[in-house]
Amino acid sequence: VKHGIVVQAYSPLGGGPASNAAKASGGEADGTRLLLEHSDVCKLAQEMGRTPAQILLRWGLQKSFSVIPRSTKPERIRENAGIFDFHLGPAEMARLDKLRAENVAQKFCWNPATVS
């Protein structure tokens, strides 16, 4: 939080197959799949006994983002809510921070320059 402004993480799990980037690339730019299947995320999830989605959502919370994942499936909604009873340590946060340098962590939603 800087200057009292909270950043909201829209599509914090990557935008999914319905994102414009995924549609335009024939599914290659499916940010959700790229993030949830990333080897570092999966290894960390396994080490902590969590799902990849829980790890990524928890990372966002610990970065002080207001994370709002979307799902229509009750089991995923429950899973997404199960992020308040564990903590990522500095080493785990650093592992996830390194994803920023990879294409997998880029925003996979609309490009404001192309919206008319």
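Taking a cutoff of 4.0 Å between a charged side-chain nitrogen and a carboxylate oxygen, Glu47 and Arg95 qualify as a salt bridge.
Scanning all heavy atoms of the two residues, the minimum distance from Ser71 to Ile77 falls at O-CD1, 3.5 Å. The minimum heavy-atom distance between Pro52 and Ala45, with the atom names listed, is N-CB, 3.6 Å. Here the closest non-hydrogen pair linking Ile55 and Phe86 is CD1-CE1, 4.1 Å.
Taking the side chain as every heavy atom from C-beta outward, Pro69 and Leu57 approach each other to under 4.5 Å. For the pair Leu35 and Val41, the minimum side-chain heavy-atom distance is 4.5 Å or more. Taking 4.5 Å as the limit, every side-chain heavy atom of Trp59 sits out of range of all side-chain heavy atoms of Val67.
Judged by distance alone, with hydrogens and angles left aside, the side-chain atoms of His38 form a donor-acceptor pair with the main-chain N or O of Asp40 at under 3.5 Å. No side-chain donor-acceptor contact under 3.5 Å links Gln46 to the backbone of Lys43. With hydrogens and angles ignored, the 3.5 Å screen pairs a side-chain donor or acceptor of Gln54 with a backbone N or O of Glu79.
Atom OG1 of Thr51 is separated from atom CD1 of Ile83 by 9.5 Å, given to the nearest 0.5 angstrom. From Ser66, atom OG reaches atom CG of Leu61 across 8.0 Å, with rounding to the nearest 0.5 Å. Between the NZ atom in Lys73 and the CZ atom in Arg78 there is a gap of 13.0 Å [rounded to 0.5 Å].
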Show, in sequence, the C-alpha distance, side-chain angles and deciding distance for Leu44 and Arg50, and conclude whether the side-chain contact (heavy atoms from CB on, under 4.5 Å) test is met. CA-CA 8 Å; Leu44 187 53; Arg50 298 292 174 156; over 6 Å; no
Gln62 and Arg58: side chain to side chain donor-acceptor pair (under 3.5 Å), yes or no, with the steps? CA-CA 6 Å; Gln62 287 184 222; Arg58 184 67 207 181; 3.0 Å; yes
Candidate pair His87 and Glu92, rule side-chain contact (heavy atoms from CB on, under 4.5 Å), full reasoning: CA-CA 9 Å; His87 184 81; Glu92 290 86 11; over 6 Å; no
